[in-house]
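A short write-up of the structure that comes next.
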Amino acid sequence: MNSITTVPDQDALRRIGASVRARLEGDPGVYKIPSDRAEIFAVGDFLTPVECERFVRIIDVVARPSELHDTSYASKFRTSYSGNFDPHDPFVKGVSRRIDDLLGINSICGETIQGQRYLPGQEFKAHNDWFYTDQPYWKGEQKRGGQRSWTAMAFLNEVEEGGHTFFSEIGASIEPKPGVLLVWNNAKPDGTPNLDTLHAGTPVIKGMKYVLTKWYRTRKWR
Ligand SMILES: O=C(O)CCC(=O)C(=O)O
Ligand SMILES: [Fe+2]
């Protein structure tokens with residue numbers, strides 16, 4: 001007898017992967033990080049210095065100790081402070097739409113943008129952004145838009161030391177540069193989860209680090 005393994009949302013992930021890839025590869029302002037194991041792209045000056053500063057101020061207002069699905073702040077896995085931006089704020093809305101437009105993903109699939117602040121010693125340990133579909137939380141996430149396809153993350157300030165975004169399987173350690181937007185496909189071209197997108201926010205050694213993150217789902221996020 002054949003055993004059939006099904007990967008949730010695989011067809012949608014394959015389709016979104018292909019359309020976003022084509023769009024980014026055709027955009028002269030987008031740089032592809034050399035790797036044949038993951039699709040990671042960078043855009044310099046995606047945000048202006050004034051926009052970065054404005055987001056930093058918003059983060060200082062909304063940031064609370066970061067929680068993850070199955071791990072509390074006290075577990076020390078994600079020790080940054082984070083918070084959601086107001087999706088109705090015209091400034092937030094404008095930048096959010098620019099990210100949607102860069103990727104060519106329908107804005108209904110985008111989660112609310114989240115801001116994050118790391119103080120010295122704070123970090124986000126190695127993780128993947130997709131949902132583990134064998135975990136109890138998946139049932140809920142499946143109804144809230146399904147699997148995560150692409151991640152967009154912008155650096156908002158200069159960090160004196162540390163605080164890189166480190167893709168350990170690719171061997172890429174990306175130094176925070178204000179205004180730079182990183183985007184990556186959490187799936188492989190065939191729509192299965194890409195384990196090689198494992199990444200960490202390495203501990204900040206000196207200074208502070210501010211970022212914003214927008215995750216996209218395969219369907220309408222709610
Ligand atoms: O802060 C970083 O460099 C990584 C953040 C991250 O991985 C995330 O927000 O999913
Ligand atoms: Fe992440």
Side-chain angles (χ1 to χ4, degrees), residues 16-17 20-21 23-24 27 29-33 35 38-49 51-56 58-59 62-63 66 68 77-85 87 92 94-105 107 109-118 122-131 147-159 162-170 172-187 194 196-204 208-217 221:
I16 298 166
V20 177
R21 176 184 317 121
R23 192 170 175 99
L24 294 176
D27 186 333
V30 177
Y31 168 79
K32 185 169 190 300
I33 294 183
S35 168
E39 298 175 300
I40 311 170
F41 298 84
V43 185
D45 298 324
F46 185 80
L47 298 173
T48 66
E51 288 171 333
C52 288
E53 262 177 50
R54 193 156 166 187
F55 278 125
V56 164
I58 297 176
I59 292 171
V62 299
S66 305
L68 287 167
F77 188 83
R78 188 187 189 195
T79 52
S80 60
Y81 276 40
S82 56
N84 287 338
F85 295 162
V92 172
V95 171
S96 199
R97 286 203 179 134
R98 256 156 61 198
I99 303 173
D100 300 341
D101 188 51
L102 174 84
L103 299 172
I105 299 181
S107 61
C109 298
E111 296 183 29
T112 299
I113 301 185
Q114 194 177 93
Q116 212 173 160
R117 180 185 65 206
Y118 302 78
Q122 295 185 339
E123 63 180 321
F124 193 167
K125 289 198 173 139
H127 65 279
N128 292 109
D129 288 349
W130 74 75
F131 299 119
Q147 189 54 284
R148 281 181 175 156
S149 58
W150 288 73
T151 299
M153 200 199 98
F155 298 109
L156 303 173
N157 74 319
E158 201 86 54
V159 183
H164 288 204
T165 304
F166 179 48
F167 289 86
S168 52
E169 311 310 290
I170 310 298
S173 192
I174 298 151
E175 190 187 344
K177 284 279 166 237
V180 169
L181 183 78
L182 287 183
V183 295
W184 65 89
N185 186 359
N186 291 296
N194 187 349
D196 290 334
T197 58
L198 190 76
H199 60 280
T202 68
V204 167
M208 293 209 263
K209 175 187 174 187
Y210 289 84
V211 297
L212 64 77
T213 307
K214 182 168 184 181
W215 296 285
Y216 289 88
R217 302 299 188 96
W221 177 72

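Residue numbers count from 1 along this sequence.
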Side-chain donor-acceptor pair present, [X], [Y], cut-off under 3.5 Å:
X	Y	answer
N186	W150	no
H199	N128	no
S173	H164	yes

Nearest-0.5 Å distance, [atom1] of residue [X] to [atom2] of residue [Y]:
X	Y	atom1	atom2	answer
N157	Y118	CG	OH	11.5 Å
S80	Y210	OG	OH	12.0 Å
T48	R54	OG1	CZ	10.0 Å
M153	W184	CE	CH2	5.5 Å
D196	F167	CG	CZ	11.0 Å
I59	K209	CD1	NZ	11.0 Å

Does any part of the side chain of [Y], heavy atoms only, come nearer than 4.5 Å to the side chain of [X], both counted from C-beta?
X	Y	result
I99	F46	yes
H127	K125	no
V20	I105	yes

Run V204 and Q122 through side-chain contact (heavy atoms from CB on, under 4.5 Å) and show every step you take. CA-CA 6 Å; V204 167; Q122 295 185 339; 5.9 Å; no
Under the side chain to side chain donor-acceptor pair (under 3.5 Å) test, residues paired with E111 that sit two or more places apart: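 Per chain and number, E111 pairs via side chain to side chain donor-acceptor pair (under 3.5 Å) with R148, R217.
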Taking every non-hydrogen atom, the tightest pair across [X] and [Y]:
X	Y	result
Y216	G110	CD2-CA, 3.6 Å
G179	C52	N-SG, 3.5 Å
A38	T197	CB-CG2, 4.2 Å
A200	A126	CB-N, 3.6 Å
E39	A187	OE1-O, 4.4 Å
V30	V43	CG2-CG2, 3.9 Å

Between I33 and I174, does a side-chain contact (heavy atoms from CB on, under 4.5 Å) hold up when you go through it step by step? CA-CA 10 Å; I33 294 183; I174 298 151; 3.7 Å; yes
side-chain contact (heavy atoms from CB on, under 4.5 Å) for R23 and R21? Distances and angles first, verdict last. CA-CA 5 Å; R23 192 170 175 99; R21 176 184 317 121; over 6 Å; no
Heavy atoms from other residues, nucleotides or ligands near CG of N84 exceed 12 (cutoff 6.0 Å):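 Yes, enclosed.
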Using the six-membered ring wherever Trp is involved, compare the ring planes of F55 and F85 and label them parallel, tilted or perpendicular (cut-offs 30° and 60°).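 Judged by the thresholds at 30° and 60°, the geometry between F55 and F85 is parallel.
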From T112, T151, D100, residue fulfilling side chain to side chain donor-acceptor pair (under 3.5 Å) relative to K214: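 Between K214 and the candidates, side chain to side chain donor-acceptor pair (under 3.5 Å) is satisfied uniquely by D100.
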Dump the intermediate steps for side-chain contact (heavy atoms from CB on, under 4.5 Å) on F77 and F124, then the final yes or no. CA-CA 6 Å; F77 188 83; F124 193 167; 3.8 Å; yes
Donor-acceptor pair, distance only, cut-off 3.5 Å: does the side chain of T79 make one with the backbone of E123?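 Such a contact is found between T79 side chain and E123 backbone.
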Of the options T165, L181, L47, which is the one that meets F155 in a side chain to side chain contact (heavy atoms under 4.5 Å, CB included)?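 For F155, the side chain to side chain contact (heavy atoms under 4.5 Å, CB included) test succeeds with only one of T165, L181, L47, which is T165.
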